[in-house]
Amino acid sequence: MEVDPCEELTDDDIRTAIQDASGPRSALFVPEVPFEVLIRRQIARLLDPCVQCARFVYDELIKMSHSCMVNELQRFPLLRKQMDDVTGNFLHDGLQSSETMIGHVVEMEVIR
């Protein structure tokens, strides 16, 4: 809800894009090209919220992994620490590859 799709996009931008695509003559049908250009610009703005969402998911998974540790592990502090480290590294690796993939998807849509 915090991302406004029309932010930084005015009616003048839309009007200019349509006029640039149709040239000096008026067109019966509005061409798709100006809308694709405007949409690509808006899609590029989604990169930061998408990465932020992935980081929120990572944080929640870390919290869940800490809450799933059973009380029996309290007797074995080294085992518990090792499990925390392995779980944290696994989730961190997943976060890095997710952020890379999100960047590639947004880049593909912008370039397309």
Side-chain angles (χ1 to χ4, degrees):
M1 291 305 212
E2 293 178 14
V3 177
D4 182 14
C6 295
E7 186 178 321
E8 298 179 14
L9 183 65
T10 64
D11 290 342
D12 289 335
D13 292 336
I14 296 170
R15 191 174 302 112
T16 302
I18 292 171
Q19 288 174 349
D20 288 348
S22 62
R25 59 180 168 72
S26 63
L28 179 60
F29 300 105
V30 178
E32 292 180 16
V33 174
F35 293 107
E36 289 177 2
V37 170
L38 295 173
I39 296 280
R40 285 187 189 125
R41 200 168 71 193
Q42 296 304 95
I43 288 174
R45 292 182 49 238
L46 290 176
L47 179 62
D48 291 336
C50 290
V51 170
Q52 182 181 19
C53 181
R55 290 182 182 152
F56 287 151
V57 170
Y58 168 78
D59 292 339
E60 284 300 314
L61 288 172
I62 290 290
K63 288 177 190 175
M64 287 175 61
S65 73
H66 291 302
S67 69
C68 289
M69 294 293 176
V70 292
N71 290 334
E72 287 81 18
L73 283 178
Q74 298 297 335
R75 296 187 328 200
F76 308 103
L78 292 177
L79 177 62
R80 181 169 187 213
K81 182 183 179 327
Q82 189 67 24
M83 287 180 67
D84 277 344
D85 291 344
V86 168
T87 305
N89 289 338
F90 176 76
L91 292 175
H92 187 265
D93 291 344
L95 174 65
Q96 287 179 334
S97 53
S98 296
E99 288 177 344
T100 302
M101 185 173 63
I102 289 168
H104 290 315
V105 168
V106 169
E107 183 180 336
M108 284 187 313
E109 290 299 320
V110 168
I111 292 174
R112 189 199 303 174

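Under the 4.5 Å side-chain contact rule for hydrophobic residues, Val86 and Leu79 do not share a cluster. Connection of Val57 to Phe90 is established within a shared hydrophobic cluster, with ILVMFWY side chains joined at heavy-atom distances below 4.5 Å, either directly or through further cluster members.
Considering OG1 of Thr100 and CG of Leu95, their distance stands at 9.0 Å, rounded to 0.5 Å. Separation of atoms CG (Leu91) and CD (Glu60) is listed at 12.0 Å; rounding is to 0.5 Å. Residue Cys68 holds its SG atom at 14.0 Å from NZ of Lys63, rounded to the nearest 0.5 Å. The CG atom of Asp48 lies 13.0 Å from the SG atom of Cys53; values are rounded to the nearest 0.5 Å. Within the model, atoms CD1 of Ile39 and CD of Glu36 stand 9.0 Å from one another, a figure rounded to the nearest 0.5 Å. How far NE2 of His66 is from CD1 of Ile62: 5.5 Å, rounded to the nearest 0.5 Å.
For the pair Met83/Arg80, no side-chain contact is recorded, criterion being any heavy-atom separation below 4.5 Å from C-beta on. Between Arg41 and Leu38, some side-chain heavy-atom pair lies under the 4.5 Å cut-off. In this structure, Glu109 and Leu46 have side chains that are not in contact, with every pair of non-hydrogen atoms separated by 4.5 Å or more.
Heavy-atom minimum distance, Ser65 versus Thr87: CB-CG2, 3.6 Å. In terms of heavy atoms, Ile102 sits closest to Leu47 at CG2-CD1, 4.1 Å. The two residues Val106 and Ala44 come nearest to each other via the heavy atoms CG1-CA, 4.2 Å.
A salt bridge is absent between Arg55 and Asp59; no separation between the charged side-chain nitrogens and carboxylate oxygens falls under 4.0 Å.
In this structure a side-chain-to-backbone donor-acceptor pair under 3.5 Å is present from Ser67 to Met64.
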